[in-house]
Amino acid sequence: MNDYYAFDDERRAIVVKRHDTPAPWINYLSNGTMHAFVSQAGGGFAWWKSPVVLRLTRYRQYNLPIDSPGFYVYVRTPDGTYWSPSFRPCETPLDEWSATHTGGRTRFEARKGDLAARLEFTVAPDHDVLLWDLRLENRAGAAVACDVFAYCEFSQPNWEGEAGWGYYLKLQLKTWYERSMDAVAYLYHGGHPREDDCPLMFLGSSRPADSYCGDRDAFVGQYRYERNPVAVERGACGDVDLPCGQPCGAVHNRVRITPGGSERITFFLGVAPGALVDLEAAKRAGAETLRTLRASGAVDEQFAKVAAWWDEHWGVLSCDIPDADARRQIETWTPLNTVHTGRYSRAVNTVAPGIRGIGFRDTCQDMLAVAYRKPAWASGVLSYLLTQQFEDGHVVHYAYPEERKPPLTTVHSDDHLWLPFVAHAIAAETGDVSFLDARARYLADDAAGAGGEATQWEHLLATVRFTEANLGALGIPLTHRSDWNDIIGKYNKRGRGQTVFAAQQYVVALRYLIAIAAARGDDEARAWLGDCLARQAEAIVTCAWDGAWWRRGFDDDLNPVGTHAAEAGRLYLNPQSWAVLSGVGSDDQLRVGMDAVAEHLATDVGLKILTPGFSGWGTEGGTPRGYGPGCGENGAIFCHSNTWAIMAEALLGRGARAWRYFTQIIPHVAMRTVGVERYRAEPYAWVSNIVGPENDRHGWANVTQVTGTAAWMDVAATQYLLGVRPEIAGLRIDPCIPADWPRCSVTRRWRGCELRIEVDNAAGVEKGVAELTVDGDAIDLASGPIIRPELVSGKRAVEVKVRLRSLRLPANSGLTEH
Ligand code: GLC
């Protein structure tokens, strides 16, 4: 137990009980176009489409005080004291306080004396507006008058431009009170990468403002802070327009609350597009949005829609398992996290400003968790990603769809190979492979515009052609700049380095493509892909086994990397798990590799990515550089990599170990193990990595929220541990659980039907489906425990019964359909 937070599983929420968490614990609020994150202390910022070129408000990622500014509300009582429902920025002691995050909404509840406040944030689904919904309740016997202020610091929308040129650009903007909107309006007219839709920004209230301010420095005052703004101290904003300078939005409402009564004010921070093209039209659009939202019931309706969206998202899968922490993580927090990674890739959190755009490999992986809940979303993203592929099959490394910047075109061995994973995930959920007939343009060779056109299926086959054309001397893929591991390129200075991990990933990609080719009846492609697979598997078994585990790759001189004789980086995690995922190697080798992981890489909060760590990453020329031991790719507990180890153990049928690997690294559990102050990051969001034991900061969780860990943990838990795995042919039901779970159940919405799956493990085994029935009818298990779509079609719900028994498991054939 700790005094920082408690989960409220009923409401799928976390209640944070102290504002001073060791790091900001944030929630993303979004309708897909308008976005914000808000922390437990009210810090955060808002952006429209892009956090880099359409940033609406400021957030100082590396400054002290941390986590500021944000979306601030001040409540001032007649005695001149003032406080904030989010505690920050005023930091006035309160009698009660909590912050609650749930899907798409964050709520602060606070009380000072007889005045109680509830401030709830969400982004309206139907309007590009962040709603700040405040209710004040007077619990005293006498009426109270208070002054309420909402304040945010507007940003210059082009964040990079501002960092470099803001001192000039501040003369190219203005704020004013726009009567037609009854809101503080902000127009930025500096040069802008998205001139056509650079918006009019605004902050308004549900009531006419009693005073307003558009000038940050006038609102805050000289050498003051957001904590004690002079405008709040005076009790009025002074009605300040800003002809140039540092903009803000501040709106003041005076309210009188009857004894026992309450008052509600909603503030609207929003945008109206096209302000640089037609300002009058933008004003009209803004006024219309505000008119709609000010209508009675409109705000409640928007909140209800947000809640319904999340209920629908969460409703795809639920489970009943003996472990409450695992259940909460699987049902609520991982699927919440995967929406954010689906939207933000690796780009934006409290320390990431957004300049990374969309990581190609990253977004592909993120779509694996989106695909089974929202296949249309994943399909749209896939269509876009294919436009970032060159005709020879390789792809960009980062893309900037919203920023309209040229992509980053470094060549990596893995990036393009994630495309078949996405396509397969969509096909598996929907059973449809015809979407691959749609045509997509390649990227022109100079990456400046569109090139030739081909079907999506041809695009996918091009990924194979590229890898086939880029195999090294040992027949496995050349590393290029890197594989999935950003740092591995250090072994490839002269272009001859090769990667076992990318080889194994390639095998899985081929297996997925073969399944798709079969479903498309494309025998020619199927035969060719089969040949590629056989050759690749042969190359891997010939060069990659080190005697007790799988090697990581080869350097320019074909020396093995990840070998028993090495001083550092002797054993790497990924090739052990990916050996299992690829199904290449003897059953014995696959098990022995994973046993080496258990023996050498285990800690009590997860598996290290390698051991031993390098004393400084890369010591060429005697100069150590890069990550310190136990940090990042140099021996941290790399959570993303842990997902694959969980899947590998599940494929091997070792349920106790697979579940231990999963549960120990669940943020809330890892935090309990190492302590809140050491772990620091959110107890509900996945992180990329946790500093390993070789480092004194062991236990510190890094790169929170925007990490590939989220999507893969979702896939690992739902499809490999619970074992409810969509395939093109149907839904595979193949749970892998600890032997001491007598039963468990999963409810899964699939192809329009709700499957209530009851797993009976009276036999006390870890894996092995001996019997599978759907509404009482037994399924022939000859081709695997698969529920074919015919069995659910036209039905709203079916009862599925699974009986586990000790079986001789078939030889592992990796992530495949057969
Ligand atoms: C980071 C990067 C990701 C990469 C991984 C391993 O998480 O965001 O792209 O695959 O590290 O290096």
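Starting from 1, each residue takes its place in the sequence as its number. The structure presented is a predicted model; accordingly, all values stated were derived computationally and were not measured. As the structure lists them, so they are numbered: ligands from 1, and atoms in each ligand from 1.
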Can you figure out which of Ser688, Gly708, Cys639 has its heavy atom closest to atom 7 (O) of ligand 1?
-> Ser688
At the 4.0 Å heavy-atom cut-off, does His640 count as touching ligand 1?
-> no
Atom 11 (O) of ligand 1 [closest protein heavy-atom partner, distance rounded to 0.1 Å] | Glu633 OE2, 3.3 Å
Thr707 near ligand 1, heavy-atom distance under 4.0 Å?
-> no
min-distance protein heavy atom vs atom 10 (O) of ligand 1 -> Trp484 O, 2.6 Å
What protein heavy atom is closest to atom 1 (C) of ligand 1, reported as residue, atom name and distance in Å?
-> Asp486 OD2, 3.8 Å
Close N or O approach (Arg346, ligand 1; < 3.5 Å) | no
Would you check if the distance from the ring center of Tyr684 to the ring center of His668 is below 6.0 Å?
-> no
Would you confirm whether the ring centroid of Trp644 sits within less than 6.0 angstrom of the ring centroid of Phe501?
-> yes
Minimum-distance protein heavy atom relative to atom 9 (O) of ligand 1 | Asp362 OD1, 2.7 Å
Tell me whether the centres of the aromatic rings in Phe360 and His397 are closer together than 6.0 Å.
-> no
Donor on one side chain, acceptor on other, Thr479 and Asn492, under 3.5 Å | no
Do the two ring centres, one from Tyr344 and one from Trp47, sit under 6.0 Å apart?
-> yes
Value for CZ (Phe638) from CG (Asn689), rounded to nearest 0.5 Å, stands at 5.0 Å
Between Ser345 and Asp362, do the side chains contain an N or O donor and an N or O acceptor separated by less than 3.5 Å?
-> no
Give a yes or no on this: more than 12 heavy atoms of other residues, nucleotides or ligands lie within 6.0 Å of atom CZ of Arg481.
-> no
Atom 8 (O) of ligand 1 has as its nearest protein heavy atom Arg356 NH2, 2.7 Å
Numbering the atoms of ligand 1 from 1, which are under 4.0 Å from a heavy atom of Arg361?
-> 3 (C), 4 (C), 9 (O), 10 (O)
With heavy atoms of Asn485 as the reference, note each atom of ligand 1 found under 4.0 Å away.
-> 6 (C), 12 (O)
